[in-house]
Amino acid sequence: MRYLSLPTLLATGLAAATLAVSSQAVAYGAGDFFTRVGVAKVAPKSDNGSLAGGAFAVDVQDKTDFAFTLGYRFHDKMGVELLAALPFEHDIELNDQNLASTKHLPPTLTLQYYPLGGTDSRVQPYVGAGINYTRFSDESLAIGELELDDSWGAAAQVGIDLLIDENWALNAAAWYLDIDTDASIDGTAAGTVEIDPMVVMAGLSYRF
């Protein structure tokens with residue numbers, strides 16, 4: 001009978017334990033709470049409509065700021081996630097002149113599907129669909145008083161986690177948000193602003 005030396009036994013045991021912990025650690029599944037934090041760019045579509053019967057062409061400018069999400073996996077392959085952020089402040093060009101601005105807060109709730117959920121894959125893609133609520137505030141206009149109504153709309157999402165260890169991952173995600181807001185100037189209805197942005201975020205994911 002062949003006996004293994006103590007160093008060999010220790011090395012073998014350590015390798016087996018490390019592999020077991022690693023496999024358990026990276027397996028995303030039911031019961032995971034997580035947060036994702038990073039830098040997000042909100043990029044409205046290029047044609048945002050017009051105001052005052054077509055007198056002003058509207059162009060809502062891009063904005064980059066801090067954002068974060070909170071989520072929960074209620075099934076190996078299914079979860080929910082809420083996108084939150086500090087208010088984004090956008091400049092608004094009217095006829096190519098920077099005449100207006102607004103802040104908006106776009107909480108977005110999505111139901112997510114993880115095709116590789118419950119496995120030990122270190123690459124975890126996901127897609128989601130849900131609803132967006134956008135609250136506008138601090139509107140300003142150089143030629144009058146601007147008011148933008150709050151908005152409800154659909155949302156779609158795609159993302160990926162690249163696992164680092166049992167808790168941390170690199171994350172990249174993108175959302176499409178349906179944001180249309182009715183605008184008033186000096187209390188008179190002036191038209192609809194169609195923002196409909198893509199939101200792209202890169203950062204870190206942490207699961208509890």
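Numbers for residues simply follow the sequence, beginning at 1.
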How about T35 and S205: do any of their side-chain heavy atoms sit closer than 4.5 Å? no
Indicate if M201 and V127 have the same hydrophobic cluster label, given that clusters are the connected sets of ILVMFWY residues with side-chain heavy-atom separations under 4.5 angstrom. no
Is there a path of hydrophobic side-chain contacts, each under 4.5 Å between heavy atoms of I/L/V/M/F/W/Y residues, joining Y72 to W168? yes
Closest non-hydrogen contact found for P44 with N48 is CB-ND2, 4.1 Å
Please name the pair of heavy atoms, one in A189 and one in S184, separated by the smallest distance, quoted to 0.1 Å. CA-OG, 4.1 Å
Using side-chain heavy atoms (C-beta onward) and a distance below 4.5 Å, is V80 in contact with T110? no
Can F136 and I195 be said to form a side chain to side chain contact (heavy atoms under 4.5 Å, CB included), step by step? CA-CA 12 Å; F136 294 91; I195 302 175; 3.7 Å; yes
Would L82 end up clustered with F208 when hydrophobic side chains under 4.5 Å apart are linked, directly or stepwise? no
What's the spacing between S140 OG and E89 CD if we round to 0.5 Å? 7.5 Å
Verdict with reasoning, L170 to L204, per side chain to side chain contact (heavy atoms under 4.5 Å, CB included): CA-CA 5 Å; L170 298 175; L204 292 172; 3.6 Å; yes
Do T119 and Q124 make a side-chain contact, defined as non-hydrogen atoms from C-beta onward lying under 4.5 Å apart? yes
Do V123 and L162 have side chains that approach each other closer than 4.5 Å (heavy atoms only, starting at C-beta)? yes
Donor-acceptor pair, D161 side chain versus L163 backbone, under 3.5 Å? no
Residue pair M78 / Y113, side-chain heavy-atom distance below 4.5 Å: yes
A57 backbone acceptor or donor facing N95 side chain under 3.5 Å: yes
Is it the case that the side chains of Y114 and Q112 hold a donor-acceptor pair, with the cut-off being a distance below 3.5 Å and no angle test? yes
Over all atoms of both residues, closest heavy-atom pair of V42 and P197: CG1-CB, 3.7 Å
Of L94, D186, L51, I92, the one forming a side chain to side chain contact (heavy atoms under 4.5 Å, CB included) with L141 is L94
Indicate yes or no for a side-chain donor-acceptor contact from H90 to the backbone of Q61 under 3.5 Å, with no hydrogens or angles considered. yes
Under a 4.5 Å cut-off applied to non-hydrogen side-chain atoms, are T181 and T134 in contact? no
Under the 3.5 angstrom rule, does the side chain of D196 hit a backbone N or O of I179 as a donor-acceptor pair? yes
Within-4.5 Å side-chain heavy-atom neighbours: F66 and V37: yes
Take L146 and T102 through the side chain to side chain contact (heavy atoms under 4.5 Å, CB included) test and state the conclusion after the steps. CA-CA 9 Å; L146 175 67; T102 186; 5.6 Å; no
Side chains of D178 and N132 in contact at under 4.5 Å (non-hydrogen atoms): no
On a heavy-atom basis, the closest approach of R73 and G29 is CB-O, 3.4 Å
Say whether F33 and L111 are linked into one hydrophobic cluster, either directly or through other cluster members, by side-chain heavy-atom distances under 4.5 angstrom. yes
Heavy-atom pair with the smallest gap, counting every atom of M198 and A174: CE-CB, 4.3 Å
List the steps, then state whether side chain to side chain contact (heavy atoms under 4.5 Å, CB included) holds for H104 with L148. CA-CA 10 Å; H104 83 278; L148 299 174; over 6 Å; no
If only atom types and distance count, is the side chain of N98 paired as donor or acceptor with the main-chain N or O of E93 below 3.5 Å? no
What's the spacing between Y133 OH and L105 CG if we round to 0.5 Å? 9.0 Å
Interatomic distance, CG@D62 vs CG@D91, rounded to 0.5 Å, equals 10.5 Å
Are the side chain of N171 and the backbone N or O of R36 linked by a donor-acceptor pair below 3.5 Å? no
Let me check something: do I160 and L83 share a hydrophobic cluster, defined by ILVMFWY side-chain heavy atoms less than 4.5 Å apart, either directly or through other members? no
Could you grab the distance from atom CD1 of I131 to atom CG of L177, nearest 0.5 Å is fine? 11.5 Å
Would the number of heavy atoms belonging to other residues, nucleotides or ligands and lying under 6.0 Å from NZ of K41 be above 12? no
Classify the side-chain pair T192/D182 by whether it contains a donor and acceptor separated by less than 3.5 Å. yes
Could you tell me which non-hydrogen atom of A183 sits nearest to which non-hydrogen atom of V193, and how far apart they are? CB-CG2, 4.3 Å
Provide the full list of salt bridge (charged side-chain N to carboxylate O under 4.0 Å, His left out) pairs with a residue in residues 134-157, sequence neighbours left out, each pair given once. K103-D138
